[in-house]
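The block underneath contains the structure these notes are about, expressed in structure tokens.
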Amino acid sequence: MKKPFVTLEQLKEITKKYPTPFHIYDEKGIRENARRLKEAFAWNSGFKEYFAVKATPNPFILKILQEEGCGADCSSMTELMLSEAIGFSGNDIMFSSNATPAEEFIKAREMNGTINLDDFTHIDFLEKVAGIPETISCRYNPGGVFKISTDIMDNPGEAKFGFTKEQMVEGFKILKSKGVKNFGIHSFLASNTVSNEYYPTLARVLFELAVELKEKTGADIKFINLSGGIGIPYMPDQEPNDIMVIGEGVRKTFEEVLVPAGMGEVSIFTELGRYMLAPYGHLVATAIHEKHIHKEYIGLDASAVNLMRPAMYGAYHHITVMGKEDGPCDHKYDITGSLCENNDKFAVDRMLPKIDMGDFLVIHDTGAHGFAMGYNYNGKLRSSELLLKEDGSVQLIRRAETPKDYFATFDFCDILKNIKY
Ligand SMILES: *Cc1c(COP(=O)(O)O)cnc(C)c1O
């Protein structure tokens, strides 16, 4: 069963100061999980997790991860700026972008971050706009279909990312001739995998590629980046990943493939987002309307702008009606927001305890790709973000937007001068 990391009593206290809706994060859970990941890969002396900033771009969260030894994986100018402000630099920064604007390559070079090139033609582009650094990584796309089991399948052949095998070989030769000394390999082949097999399977693909690249190009491969993709059990009956088993699976493959090839010094990097944060965030909302037509609806003060995954992917997010955790789930509801869009539903035909107006609903697993995917459609404002600290206190880590924020990009516009805030 999924249990919220806050109690009803805590929420009653918190909402006196910070009204719903808000996202709240669990510092203790984040730290403990980051430590487990580190332990699982402790066998590799160069191991480093570069947190995918896009998953939860909040400076307070990034600071916690930095304290736990993580670096930052950035994909845009503002993510680079955010990471720089927090004090990530050089080896702490991975820049994994695609269709990259020139100014972002320039910024990444200025920060001395590690650039992970998405495309063969970016070699020339990077050289022209920012010069070729001594350390560089290239993203691999094997094409075809990537399959581990019946439920884990993805389609790299349809994905816009990465170099083909031939381009990797050719690219490494060119980069070497242009002075690159340290090479890395990156690949992201399946998303949200709830399986201990994903990383070991991907690792074998990349380790074998590394051996081949070393033989064919003489490149000195310093790191292999397994990227993101380790999933979390959004459904309450799903068996979670065991990170220790995953770390051990990668180690075995490392011993089998890289060590015999004389590549036992290669560092393993990860760029996890979801696995690092998703379970340690809740979206907390209040039931403000009930509607009885052809179905039973509960309307919340949150909507898809606060959490897009259900609307966008039909993703399941578990819901707890606070104070009714042990009640029978004998009511069937659609749980909705207030957008003028019928996909604005956090749950469809969900069996839950009877919901009364004013009940707090905790929507689980929103710590990654939650707030971050928010938007302003229907003139909705972004919510606040709160941090439940290890000592039990609550800190505001992002204030809620106000109408003034919403209209800020019209600050030059006389017509809106008379808006009363
Ligand atoms: C999104 C992304 C990640 C993180 O993915 P998760 O599914 O959150 O682990 C890592 N690397 C790259 C390049 C990404 O685009």
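All residue numbers refer to positions in the sequence shown, counting from 1. We count ligands from 1, going down the list as the structure has it; atoms in each ligand are counted the same way.
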Checklist entry - Side chain or backbone of A55 under 4.0 Å from ligand 1, or both, or neither, by non-hydrogen atoms? => result neither
Checklist entry - So does K324 have more than 12 non-hydrogen atoms from other groups sitting under 6.0 Å from NZ? => result yes
Item to check | atom 12 (C) of ligand 1 - nearest protein heavy atom and its distance | outcome: E271 OE1, 3.4 Å
Next on the checklist: Out of all atoms in ligand 1, which are within 4.0 Å of some heavy atom of G273? Include the element for each.
Outcome noted: 4 (C), 6 (P), 8 (O), 9 (O)
Checklist outcome for this item: Any heavy atom of M276 under 4.0 Å from ligand 1? The part involved is neither
Next on the checklist: Looking at T217 and K214, would you say the former's side chain and the latter's main chain have a donor-acceptor pair under 3.5 Å?
Outcome noted: no
Checklist entry - Is there a donor-acceptor pair closer than 3.5 Å between any side-chain N or O of E27 and the backbone N or O of E390? => result yes
Checklist entry - Side chain, backbone, both or neither: which part of N116 has a heavy atom under 4.0 Å from ligand 1? => result neither
Checklist entry - Given K54, M94, H369, which one has a non-hydrogen atom that is nearest to atom 14 (C) of ligand 1? => result K54
Next on the checklist: Just so I know, are the side chains of M111 and S89 near enough to count as touching, which here means a heavy-atom distance under 4.5 Å?
Outcome noted: no
Checklist entry - Would the F183 and F172 ring centres measure less than 6.0 Å apart? => result yes
Checklist entry - Is the closest basic N to carboxylate O distance between K54 and D73 below 4.0 Å? => result no
Item to check | Sub-4.0 Å heavy-atom contact, D73 with ligand 1 | outcome: yes
Item to check | Sub-4.0 Å atoms of ligand 1 with respect to non-hydrogen atoms of R139 | outcome: 13 (C)
Next on the checklist: Show me which atoms of ligand 1 lie under 4.0 Å from any heavy atom of R274.
Outcome noted: 6 (P), 7 (O), 8 (O), 9 (O)
Checklist entry - With atoms numbered from 1 as shown, which atoms in ligand 1 lie under 4.0 angstrom from a non-hydrogen atom of G229? => result 6 (P), 7 (O), 9 (O)
Checklist outcome for this item: Within 4.0 Å of some non-hydrogen atom of S96, the atoms of ligand 1 are 13 (C)
Checklist entry - Side chains of L361 and F346: closer than 4.5 Å at any heavy-atom pair? => result no
Item to check | Which segment of F188 sits under 4.0 Å of ligand 1 when only heavy atoms are counted | outcome: side chain
Item to check | Distance under 6.0 Å and angle within 45° of ring axis: R350 vs Y316 | outcome: yes
Next on the checklist: I'd like to know if S227 contacts ligand 1, where contact means a heavy-atom distance under 4.0 Å to any ligand atom.
Outcome noted: yes
Checklist entry - Do NZ/NE/NH1/NH2 and the carboxylate oxygens of E32 and R35 come within less than 4.0 Å? => result no
